[in-house]
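Reading through the structure tokens given below for one structure.
Start at 1 and go down the list; that is how both ligands and their atoms are numbered. Predicted model only: the values in this text are computed from it and were never measured. Positions are given from 1, in the same order as the sequence printed here.
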Amino acid sequence: MVEAIKTVEVFKNYINGEWKDSISGQITNSINPANKNEIVGQVQSSTIEEVDDAIQAATEAKVNWRKLGQYNRGQLLYKVANELEKNLNDIAETLTKEMGKTLPEAIGETQRGIAILRYYAAEGMRKDGDVIPSSDQDALMFTKRTPLGVVGIITPWNFPVAIPIWKIAPALVYGNTVVFKPATESAVTAAKVVQCFEQAGLPKGVLNFITGKGSVVGDALINSTKLNGITFTGSEYTGKLVAKAASANGVKYQLEMGGKNPVIVLNDADPKSAVDGILSGAFKSTGQKCTATSRVIVQEGIYEEIKNLLLKEVGKITVGNGIDTEIWMGPCASENQLNTVLEYIKIGQEEGANLIFGGKRITDNEYANGFYVEPAIFEDVTSSMRIAQEEIFGPVIALIKVSSVEEAIDVANDTDFGLSASLYTSNISSALAFIDDIEAGLVRVNAESAGVELQAPFGGMKSSSTGTREQGEAAKEFYTQTKTVLIKNK
Ligand SMILES: NC(=O)C1=CN([C@@H]2O[C@H](COP(=O)(O)OP(=O)(O)OC[C@H]3O[C@@H](n4cnc5c(N)ncnc54)[C@H](OP(=O)(O)O)[C@@H]3O)[C@@H](O)[C@H]2O)C=CC1
Ligand SMILES: O=C(O)CCC(=O)C(=O)O
């Protein structure tokens, strides 16, 4: 019997309502980080001209989309949510295969995408302005939110369903049209998300999707003078390029970049709850979240207990292919990311930190073709070390011993980042001091650092974020501008 040859699907650009081949003729393989020999799909390396086509399509679509009205735009998002729900299993499996996070995490992320779509669909029925009393009693004065126009969206590979959706859904419901460039690393998953918008019947040109290198397609998008807004999540380095280009062109921008998120554990904390929160915050998604725990700052009276409990529990973590339901932690998302993690483990050792658990690449048997690393724990870390200052974006934590709550907060704030921070304590005064003094956009007490609720504002302080917050009602501030209207009858 002749065996069927398995063909690899090429995921095209979606421009002006059509799936299009790129004129470049060049494609990139998207591979499975659990097995680099498995090609999950192929995406195109598009050209600058095609970025212009996508922007042109979004520009032509913007008036009709705005005039469709917020209610009707919201109704369309309900349909997109239903399409995503129909395709949940396929999209979650693709996510696991393409990016490496475990299947339960991928299912959770896709379900979150559905919930975000429904949240912004409901925005379609909420107010788009306020009535404000005028000093003129014959006048009616009110504000009316109006879209920016065409918004560019650039996303990273670590949440290829949730992050695009938490940017695209509010952009659309508030009346903008979109040009979306996903991270190449997880562009197949992103293409499948875009298919749900197409299947829901979105008018042509409203959402355009273009794949290709950040240095070509991303660069052309951020330097376009025809955009009205740009929103970006990714590295600090690229974020600065976006800010520079957007400022030069007078384009409104929003950036969400890295984190170096601390968890503080005080003497009066519940040790089990703290260790559960540290393990989940640090090692879920293989530490590849901007909200991941990377510094564990422990008061001296509880230090040994926390360290011993951490060592006991981390030893139970099963590392492997995330499609297998027995696995707790998947591989790093790419060879690059794996090498970054291994490099930081070396740097930590060279700096004099003590590696007390893990940190080795796993290559035997079924691990041979994947980008696997053991979860790593360092102790004797000081705040000035690079592993306590730079974002590693992998399963590595640094234990830092402190004597008081004040010292703990000072160490926690001693970084350029300020995304998320947690405190474990049973003392309300310590909790209140932390809430007041910590420099972070997400402040969590007796809860892990990585936990984002779609209905609440999301974003950080210092180098972590620039511009208005994402998600929840806060998203409206970025995706709209306000008209103040005064009307009299003669
Ligand atoms: N805040 C967060 O959630 C994230 C933080 N990071 C941090 O960044 C580090 C590096 O990850 P990496 O994927 O390289 O991050 P990048 O910032 O390079 O990538 C993020 C997005 O920007 C695009 N991009 C890259 N270069 C440009 C450019 N010159 N102009 C416009 N767009 C561009 C990328 O495209 P392409 O994929 O085609 O290169 C991708 O879509 C990680 O180790 C981690 O520390 C990474 C991901 C998410
Ligand atoms: O913790 C989360 O769920 C979101 C994290 C995030 O936004 C990111 O890593 O980019």
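Between Glu83 and Lys86 there is a salt bridge, since a side-chain N of the basic residue sits under 4.0 Å from a carboxylate O of the acidic one.
Of all protein heavy atoms, the one lying nearest to atom 2 (C) of ligand 2 is Val452 CG2, 3.4 Å. Remark: minimum distance from atom 41 (O) of ligand 1 to any protein heavy atom is reached at Thr155 O, 2.8 Å. Closest protein heavy atom to atom 37 (O) of ligand 1: Thr184 N, 3.0 Å.
For the pair Val373/Cys332, a side-chain contact is recorded, criterion being any heavy-atom separation below 4.5 Å from C-beta on.
Atoms CZ and CD, on Phe371 and Gln337 in that order, are 11.5 Å from each other to the nearest 0.5 Å. With rounding to the nearest 0.5 angstrom, the OG atom of Ser464 is 11.5 Å from the NZ atom of Lys260. Taking CD of Glu38 as the reference point, atom NZ of Lys97 lies at 5.5 Å (rounded to 0.5 Å). Taking CD of Gln471 as the reference point, atom CD of Gln455 lies at 9.0 Å (rounded to 0.5 Å). The line from OG1 of Thr47 to CD of Gln26 is 10.0 Å long, rounded to the nearest 0.5 Å.
For ligand 1, the polar-atom distance check finds an N/O of Thr238 within less than 3.5 Å of one of the ligand's N/O atoms. The N/O atoms of Thr233, backbone and side chain alike, include none that comes under 3.5 Å of an N/O atom in ligand 1. Below 3.5 Å of separation, one finds an N or O of Cys290 facing an N or O of ligand 2. Looking at ligand 2, you'll find an N or O of Arg112 within less than 3.5 Å of one of its N or O atoms. Taking any N or O of Thr233, backbone or side chain, none lies under 3.5 Å from an N or O belonging to ligand 2.
Comparing heavy-atom distances from atom 16 (P) of ligand 1 across Gly234, Ser235, Gly212 singles out Ser235 as nearest. The closest non-hydrogen atom to atom 11 (O) of ligand 1, taken over Trp157, Phe180, Phe393, comes from Trp157. Between the choices Ser465, Ala245, Gly214, Gly258, the shortest heavy-atom distance to atom 28 (C) of ligand 1 belongs to Gly214. When the options Cys290, Ser334, Ala333 are ranked by their closest heavy atom to atom 2 (C) of ligand 1, first place goes to Cys290.
Under a 4.0 Å criterion applied to the non-hydrogen atoms of Asn158, ligand 2 contributes the atoms 8 (C), 9 (O), 10 (O). Which parts of ligand 1 touch Asn158 is read off a 4.0 Å heavy-atom cut-off, strictly below it: atoms 3 (O), 48 (C). If you number the atoms of ligand 1 from 1 as listed, the ones under 4.0 Å from a heavy atom of Asp219 come out as 30 (N), 31 (C). Listed by atom number, the atoms of ligand 2 under 4.0 Å from Thr291 heavy atoms are 1 (O), 2 (C), 5 (C). Listed by atom number, the atoms of ligand 1 under 4.0 Å from Glu391 heavy atoms are 7 (C), 44 (C), 45 (O). For ligand 1, the atoms closer than 4.0 angstrom to any heavy atom of Leu241 are 29 (N). Close contacts between ligand 1 and Gln337 involve ligand atoms 42 (C), 43 (O) [criterion: under 4.0 Å to a heavy atom]. Set against the non-hydrogen atoms of Lys181, the atoms of ligand 1 under 4.0 Å away are 35 (O), 36 (P), 38 (O), 41 (O). Atom numbering of ligand 1 starts at 1 in the shown order; those under 4.0 Å from a heavy atom of Met257 are 1 (N), 2 (C). Of all the atoms in ligand 1, the ones that sit under 4.0 Å from a non-hydrogen atom of Pro156 are 47 (C), 48 (C).
Contact between Glu256 and ligand 2 is present, with at least one heavy atom of the residue lying under 4.0 Å from the ligand. Heavy atoms of Ile154 approach ligand 1 to within less than 4.0 angstrom. Proximity of Phe232 to ligand 1 is established by a heavy-atom distance of less than 4.0 Å. Within the 4.0 Å heavy-atom cutoff, Pro182 counts among the residues contacting ligand 1.
If you look at Trp166 next to ligand 2, the close heavy atoms, those under 4.0 Å, all belong to the side chain.
Counting heavy-atom neighbours within 6.0 Å of Glu453 CD, excluding the residue itself, gives a total of 12 or less. Heavy atoms from other residues, nucleotides or ligands lying under 6.0 Å from CD of Glu313 number more than 12.
Ring pair Trp157/Phe393 is perpendicular by interplanar angle, where above 60° counts as perpendicular and below 30° as parallel. Under the 30°/60° scheme for interplanar angles, the aromatic rings of Trp19 and Phe209 are found to stand perpendicular.
In this structure, atom 26 (N) of ligand 1 is in close contact with the protein, since a protein heavy atom lies within 4.0 Å of it. For atom 30 (N) of ligand 1, a protein heavy-atom neighbour is present inside the 4.0 Å cut-off.
Aromatic pair Trp328/Phe283: ring centres not closer than 6.0 Å.
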